[in-house]
Every structure is written in structure tokens, then in C-alpha cells.
Amino acid sequence: MCGRFTIILPPEVLAEIFGLPELPRIEARYNIAPTQEVVVIRQNAEGVRQLVTMKWGLIPAWAKDPHIGNKLINARCESVHEKPAFRQAIRTRRCIIPASGFYDWTHTDKKIPFYVSMADGSPMAFAGIWDSWKAPDGSRLESFTILTTNANSLIAPIHDRMPVILHPAEFDLWLDRDITEPEKLTHLYHPYPSDLLRAWPVSSLVNSPRNETPACIEQAVS
DNA sequence: CCAGACGTTGTT
DNA sequence: GTCTGG
DNA sequence: CCAGACGTTGTT
DNA sequence: GTCTGG
């Protein structure tokens, strides 16, 4: 699953791989937690990509209490097209969450955190969806959630779910607002290939969202 | 018809 | 908003 | 995801 | 134990 992640990418790399029209202003984050503000990429009706900041934890447009977003930090790919909280967003409001890696905790024996990133160190792209919630005072609150799928063979010993990670060749399809049919999207929901990822144990420092230093991703010595 | 839910995770 | 359950 | 709280009253 | 907050 995906309940914590990092983004440690130079603006040039981000703009290049995601085809952004401008260099984003972005700083390294080593321990992003739910409810926090995060940058995501979406595409407007003209096909221009933009980097926008949103809250992690999707608040459906119809929600009376925005706190529902605290629970909706992930959406299962198997049911995202049916669930009332997600099915409108998956048709018309898809986005990509750029990342460098994510954390997973084992629950066997002791709770051990692991860090997972691309084997070659390249950026990671989570498949996400977003929504816009109107507060009583009329202001708008945009929020997103990350899709999950079955774990691949690398992740399985740690956890049975992992985020849906997109290949660069799939970005266009995912962000295309004119594509709304589930059957054109479901083939993207495969576990990312194990041999393109790497994983190592890290310090329990990462457990607290208050810790946001490079030490969070350093390999732990047992 | 109206009321009430609307989600994921892990653990047993 | 929209569906399910009573 | 994990950490941390978990309550009410009245007063300024 | 369970919910809220980050």
C-alpha cells in the first residue's frame, strides 16, 4: 500500500520526465504523510500539464465533513470505478503524483519500515485521482488519493498491496481527460515489475511524520 | 418514499 | 451526487 | 502509514 | 480499543 512517500527530485528532472511547460519550484521531502500538501500533475482540457498542490486524502465533492479525506488516502484499483467516493474522479479527474520512493511497514514479527524506489533512481509516478470540495465559506479544497494494486514479488514479503506506478509511456493515456471508459484504463493497474524496483530496510525514524530528514531513507544496519 | 452511506488497511 | 436498504 | 490522544467546565 | 492528525 502507500501511506508515506518521498520526493527528492531536481526541478529540471521533474519538468523533463513529466513534460511540464515550466520549471516547478519544489523542495525535497523525505517523509510525506497523509493530510499534507503535495504536488501532483494534471492536464487541462487543452492538454497542457500543470503542477498543482493538493491535500493527500480525497474529499468527495458531496462530503459534509472534510475529515472523511483522512481515511481515503488510497483507492483499490479493483473497485475504484464502482465506489461512490471515487467513480466520478476516476473518469474525469486523474492525476499523477511524482515521487522518488515510498515506505512500507512489515507486520510480521516486529514492525520494520522499508524504503522502495526505482532500481535506476529515476522518478516514480503514482496513479492518482483528485476532487474539489466546496467549503461552507465558498472556498475550494482540492485533494487526491493514490491507487493501489497487488504487490509484486519484491514487495509481497513486506506487504500485500503497492501503489499503481505508471511507466512514462502511460502518462498520456492516464492524464487524457477525454478518456473515460474503465476498459481503456484497467490494463494500467498491474503491479510494477519487481526488477525495476529496489527495496531496503530503514530506521524507525521514519515512523513519526515529524522526522523529515535524509536519514529517513538511509539503509538500516541490523 | 426517505435515511444513510459513501474507504482502506491489517488482524484474528 | 447517487446508490442501497428499509 | 504511524503517533498520540482519548474531557468538561468556566474564566480571561 | 478506536479515532484524529500529520
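The analysis underlying the following values was restricted to heavy atoms, covering all of them including side chains, and did not include hydrogens, waters or symmetry mates. Below, chains carry the letters A, B, ... as their sequence lines are ordered, and counting in each starts from 1.
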*Using a cut-off of 4.0 Å on non-hydrogen atoms, how would the nucleic acid contact of A:R4 be classed: base, sugar-phosphate, or nothing?*
base
*asked:* Output the rounded distance in Å from CD (A:E212) to P (D:dA3).
replied: 15 Å
*Determine yes or no for a side-chain-to-main-chain donor-acceptor pair under 3.5 angstrom, with A:W133 supplying the side chain and A:G69 the backbone.*
no
*If you measure from the P atom in D:dT9 to the same atom in E:dG1, how many Å do you get, rounded?*
29 Å
*What nucleic acid atoms does A:D160 come within less than 4.0 Å of, heavy atoms only: base, sugar-phosphate, or nothing?*
sugar-phosphate
*Does A:N70 have a side-chain nitrogen or oxygen under 4.0 Å from the phosphate oxygens OP1 or OP2 of E:dT4?*
no
*Separation of B:dT8 P from A:I68 CD1 (nearest whole Å)*: 11 Å
*Which of these nucleotides, D:dC1, D:dA3, B:dC6, is closest to any side-chain atom of A:W105?*
D:dC1
_Determine whether the aromatic ring of A:Y103 stacks with the base of D:dC1, defined as ring centroids separated by less than 5.5 Å and ring planes inclined by less than 30°._
no
*In whole angstrom, give the distance that lies between atom CE of A:M162 and atom P of B:dT8.*
18 Å
*Could you state the NZ-P distance from A:K83 to B:dA5, rounded to the nearest angstrom?*
15 Å
*May I ask you to evaluate whether A:H67 reaches the phosphate of E:dG5, defined as a side-chain N or O under 4.0 Å from OP1 or OP2?*
yes
*asked:* Side chain of A:K111 only, heavy atoms from C-beta on: which candidate in B:dT11, B:dT8, D:dA3 is closest?
replied: D:dA3
_Checking contacts here: which listed nucleotide (B:dG7, D:dC1, C:dC3) is nearest the side-chain heavy atoms of A:I73?_
D:dC1
*For the side chain of A:R161, starting at C-beta, report the closest nucleotide among B:dT9, B:dT8, D:dC2.*
B:dT9
*If the P atom of E:dT4 is compared with that of B:dC6, how far apart are they to the nearest Å?*
15 Å
_With a 4.0 Å limit, can you tell me whether A:R76 has a side-chain N or O closer than that to the phosphate oxygens OP1/OP2 of B:dT9?_
yes
*asked:* What I want to find out is whether A:K134 reaches A:E142 closely enough, with some N-O distance under 4.0 Å, to be called a salt bridge.
replied: no
*Sugar-phosphate, base or nothing in reach of A:F102, heavy atoms under 4.0 Å*: nothing
*What distance do A:Y192 atom OH and A:L154 atom CG have between them, rounded to the nearest 0.5 Å?*
12.5 Å
*Among A:I97, A:T6, A:I155, A:I32, find the residue that satisfies the side-chain contact (heavy atoms from CB on, under 4.5 Å) test when tested with A:F102.*
A:I155
_Side chains of A:S153 and A:S194 only: does a donor on one sit below 3.5 Å from an acceptor on the other?_
yes
_Regarding A:T148, tell me which of base, sugar-phosphate or nothing describes its non-hydrogen contacts under 4.0 Å with the strands shown._
sugar-phosphate
_Rounded to whole Å, please give me the gap between CG in A:D104 and C1' in B:dT9._
11 Å
*Rounded to the Å, how far apart are A:N207 CG and E:dG6 C1'?*
14 Å
*Assign A:A61 to base, sugar-phosphate, or nothing according to its heavy-atom contacts below 4.0 angstrom with the strands shown.*
nothing
*Would you say the side-chain atoms of A:T92 and A:R177 include a donor-acceptor pair closer than 3.5 Å?*
no
*Establish, with yes or no, whether the OP1 or OP2 oxygen of B:dT8 is under 4.0 angstrom from a side-chain nitrogen or oxygen of A:S79.*
yes
_Identified pairing partner of B:dG4, criterion: Watson-Crick or G-U wobble below 3.5 Å_ = C:dC3
*Could you work out the separation of B:dT8 and D:dC1 based on their P atoms and round it to a whole Å?*
12 Å
*Could you tell me the separation between the NE2 atom of A:H81 and the C1' atom of C:dC3, rounded to a whole number of Å?*
18 Å
*asked:* Distance to the ring centre below 6.0 angstrom and angle to the axis at most 45 degrees; does that hold for A:R42 and A:W130?
replied: yes
*For E:dT2 versus B:dT11, give the span between their P atoms, rounded off to a whole number of Å.*
15 Å
*Output the single nucleotide from E:dG6, B:dG7, C:dG1 whose closest atom is nearest the side chain of A:P209.*
E:dG6
*asked:* Measuring from the side chain of A:A85 (C-beta onward, heavy atoms only), which nucleotide among B:dT11, B:dC6, D:dA3 has the closest atom?
replied: B:dC6
*Just compare B:dT11, B:dT9, D:dG4 and give me whichever is closest to any side-chain atom of A:R210.*
D:dG4
*Whole Å only: how far is the CG atom of A:N150 from the C1' atom of B:dT9?*
14 Å
